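Worksheet for the structure shown next.
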Amino acid sequence: MPAPTRPKAVNEEHLELGRLGNFIGFRLRRIQNQLSGAFSTQSVAIGLRPGEFSALAIISANPGLSQAKLSREVGLDKSAAVAVVDDLERLGMAERRRSPDDRRRHALYTTEVGEAALVKLFARLADVEQDVLNVLGPHDLQVLSGLLDRVYDSVFRK
């Protein structure tokens with residue numbers, strides 16, 4: 001009679017993901033949780049709630065962006081995006097202006113205060129992500145960036 005097999009010891013350092021390891025959404029979210037947790041204390045220190053940094057950065061990169069496009073890009077419903085823009089305006093980091101093309105919509109812009117905050121926050125974000133950059137070389141980062149863009153396009157830009 002063969003001896004019973006003992007259960008494999010749990011490796012506390014590297015837990016098995018089991019079937020979760022087959023799902024890209026879980027794996028991406030797990031990485032995002034680690035990186036955003038380390039960064040959120042930095043953004044909260046200057047008065048930004050989670051998600052507001054992303055919104056501010058997207059507005060900065062796309063001056064004149066509509067609130068509807070912002071909400072889609074940062075993954076918020078429209079009412080939540082309005083609240084985010086309200087907070088950014090209250091902090092003096094962004095502003096709404098009537099769109100010159102369509103007076104029914106607002107165009108979003110960052111202010112000097114917002115741009116200064118982004119300079120500080122991007123520097124802190126680079127510090128948070130430095131360990132990732134050290135593990136991946138420039139080629140790996142280029143490949144990863146391309147893959148992430150393709151995944152995003154397949155899910156959100158149909």
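Small disclaimer: the values here were computed from a predicted structure and weren't measured.
No salt bridge links Arg72 with Asp77; every basic N to acidic carboxylate O contact stays at or beyond 4.0 Å.
For the side-chain contact (heavy atoms from CB on, under 4.5 Å) criterion with Val85, the lone passing option out of Glu52, Met93, His106, Gln67 is Gln67.
If you chain together hydrophobic residues whose side chains sit under 4.5 Å apart, Val143 and Leu148 never meet in one group. The hydrophobic clustering, which links ILVMFWY residues whose side-chain heavy atoms are closer than 4.5 Å, places Phe39 and Leu35 together. Hydrophobic cluster membership is shared by Phe122 and Leu88, with clusters built from Ile, Leu, Val, Met, Phe, Trp and Tyr side chains linked at under 4.5 angstrom.
Among pairs with a residue in residues 102-115, those fulfilling salt bridge (charged side-chain N to carboxylate O under 4.0 Å, His left out) read Asp102-Arg104, at least two apart in sequence or across chains.
Between Arg49 and Val44 the shortest side-chain heavy-atom distance does not fall below 4.5 Å. Leu125 places a side-chain heavy atom less than 4.5 Å from the side chain of Phe53. With contacts defined as side-chain heavy-atom distances shorter than 4.5 Å, the pair Arg96/Leu108 qualifies. Residues Leu76 and Leu70 form no side-chain contact, since every pair of their non-hydrogen atoms from C-beta on lies 4.5 Å or further apart.
Minimum interatomic distance between Leu56 and Ala94 (heavy atoms only, all atoms of both residues): CD1-CB, 4.3 Å. Between Ser71 and Ala81, the closest heavy-atom pair is CB-CB, 3.4 Å.
Summarising the geometry, atom CD1 belonging to Ile59 is positioned 7.5 Å from atom OG1 belonging to Thr110; distances are rounded to the nearest 0.5 Å. To the nearest 0.5 Å, atom CG of residue Leu17 and atom CG of residue Asn22 are 9.0 Å apart. One finds the OG atom of Ser154 at 11.0 Å from the CG atom of Asp149 (value rounded to the nearest 0.5 Å). Separation of atoms OG1 (Thr111) and CG (Leu91) is listed at 9.5 Å; rounding is to 0.5 Å.
Under the side chain to side chain contact (heavy atoms under 4.5 Å, CB included) criterion, Asn62 pairs with Ile58, Leu65, not counting sequence neighbours.
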Show every donor-acceptor pair shorter than 3.5 Å between a side-chain atom in residues 23-31 and any protein atom, with sequence neighbours excluded, or say none if there are none.
unit_1, atom_1, unit_2, atom_2, d
Arg27, NH1, Gly21, O, 3.4
Arg29, NE, Asn33, OD1, 3.3
Arg29, NH1, Gln32, OE1, 3.4

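The number of heavy-atom neighbours closer than 6.0 Å to CD of Glu129, taken from other residues, nucleotides and ligands shown, is above 12.
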Please test Leu48 against Leu121 for side chain to side chain contact (heavy atoms under 4.5 Å, CB included), starting from the C-alpha separation and ending with a verdict. CA-CA 10 Å; Leu48 293 177; Leu121 288 170; 3.5 Å; yes

Test Arg124 against Asp127 for salt bridge (charged side-chain N to carboxylate O under 4.0 Å, His left out), laying out the working first. CA-CA 5 Å; Arg124 291 176 180 168; Asp127 289 342; over 6 Å; no

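A cation-pi arrangement is found for Arg97 relative to Tyr109, the charged atom lying closer than 6.0 Å to the ring centre and inside a 45° cone about the ring normal.
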